[in-house]
4 protein chains.
Amino acid sequence: MSLAGLRDRVVVLVAFQVLCPQSVACGIPQAQRIFETFAPSDVAVIGLHASFEHHDAFSPSVLKAFIHEYRLKFPIALDEPNAAGPIPHTMERYKMRGTPSLVLIDRLGLVRKHAFGPCDDLRIGAEIGALTQETARSAKLARVSAA
Amino acid sequence: MSLAGLRDRVVVLVAFQVLCPQSVACGIPQAQRIFETFAPSDVAVIGLHASFEHHDAFSPSVLKAFIHEYRLKFPIALDEPNAAGPIPHTMERYKMRGTPSLVLIDRLGLVRKHAFGPCDDLRIGAEIGALTQETARSAKLARVSAA
Amino acid sequence: MSLAGLRDRVVVLVAFQVLCPQSVACGIPQAQRIFETFAPSDVAVIGLHASFEHHDAFSPSVLKAFIHEYRLKFPIALDEPNAAGPIPHTMERYKMRGTPSLVLIDRLGLVRKHAFGPCDDLRIGAEIGALTQETARSAKLARVSAA
Amino acid sequence: MSLAGLRDRVVVLVAFQVLCPQSVACGIPQAQRIFETFAPSDVAVIGLHASFEHHDAFSPSVLKAFIHEYRLKFPIALDEPNAAGPIPHTMERYKMRGTPSLVLIDRLGLVRKHAFGPCDDLRIGAEIGALTQETARSAKLARVSAA
């Protein structure tokens, strides 16, 4: 799965683990609410299963059963193991500290927010709502003014 | 209190009653969270106490004690009684159906959303976040395209 | 209202104020749940409105409107003002420190528990459930062994 | 693991699955709260992992990781598969319909309650609290009067 095909949409990347209590209680339900709240043409929600521990307990069939039981509708990718260390590739690339993590990527493909741990619905809604209003041009301006 | 002085900001108007269970459990805490989440230069939260019933139970000192006990920080207005009927003036003007009600007004002073009853934090956050991104020009365009 | 007529039942006395946030969010809904969970022949729930502050804001019509709006079904008494100090009579008699407070009284009329602030449903359920099993004889024995 | 060694205590048997949303959100946290609320000399909480589906996803290492992540302190047994059908042995013996399920067993070893799905804390607290008050003699009487 590649994020390149999502260009022009706001991307919400939610890293989780099926055996992480905060992922199950907060991160996953929030990802599902985001998926149900925004138009898919504006916002893409992508789950990322980040198995950086409990390797012996995890198998793709565990994730498959979890997705079935929790009725998750958004696409979910398995993070690739990393030969260079314990943190899988995508988590490392996006500098995630653990699970649950949430990364917001704007319509031009640039990371605009990193969050680790539970996120407030009102604030995350506001940030996604603001990003959806950006055109390619205003996204550039927003980053210039933030820099 | 007049909304004219708030022009250029997004205004969140929250109508409530101190003896309305849904106002106390949902409307008031959400108004407080909105007040704490957005920059005051972008978003003004205004409470409106709408005493359309229990007139004998209500007095300004009840509202004052309520504001003190719930530690509300945003400004709160008392809706004016209406000689022409039971619905007070401001509630009638904004076509509110009861409490709690939430009205979103854009930077140009036009009503963009009415909601009656509990509101989802993620959705209301998204709507306020999107409105904060509008300039005077884009607010006009948004309304033209919605019409 | 007198507790003497409730002898032979376990009595749950819940002191609250209509303008106290913890009373409204926790104490009152828990009293209502206790009322709905136990048989009235075993457990009597009594509300006690304890107006030890905001005297100018409070009137019996405020309490009446509150009871109506929150659809409270258990009997509620107004605590008597106390000429000797700010704490009303019944609160003082039962040594309540504020609102919400919960007092458990056994079938023989003796106080078995005082709690100030929010109470855990599981624990309070267990304590009431245990008291309902006491006969007059076992209640005496329980107090002797606790002394 | 056998329940015979728990005779003289009230036993709370909680059947769950690590991939069952209601077990994770309600059944497991309630079992943990029961374990923390009652004295171990009065009440024994026993978890029962009931893997009647998703067999390919489940392995003892999944359960071990789950117990570690959720910091569960009460003993947990793995239900034995049943050659005669899909319902494992202990679930079948106690006539459980699915997960989460809760079974209350009195001090004499007799089942006093079956519940399937989420349980109210106040009610379950009351029932356990009442059972803890029973002596061997009163437990017999209670069952005779219920029959």
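Side chains included, hydrogens not; waters and symmetry mates left out as well; all remaining heavy atoms used. Source: prediction; values computed, not measured. In what follows, chains are A, B, ... by sequence order, proteins preceding strands, each numbered from 1.
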**Q** Give the minimum heavy-atom separation between Arg123(D) and Glu36(C), together with the two atoms involved.
**A**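 Shortest heavy-atom separation between Arg123(D) and Glu36(C) comes out as NH2-O, 4.1 Å.
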
**Q** Report the distance from atom OG1 of Thr37(D) to atom CG of Asp121(C), rounding to the nearest 0.5 Å.
**A**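 Reported value, rounded in 0.5 Å steps: 11.0 Å.
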
**Q** Please look at Glu127(D) and chain C and tell me whether the side chain, the backbone, both or neither of the residue comes under 4.5 angstrom of a heavy atom of that chain.
**A** neither

**Q** A side-chain contact here means heavy atoms from C-beta on lying under 4.5 Å apart; do Leu122(D) and Ile34(C) qualify?
**A** yes

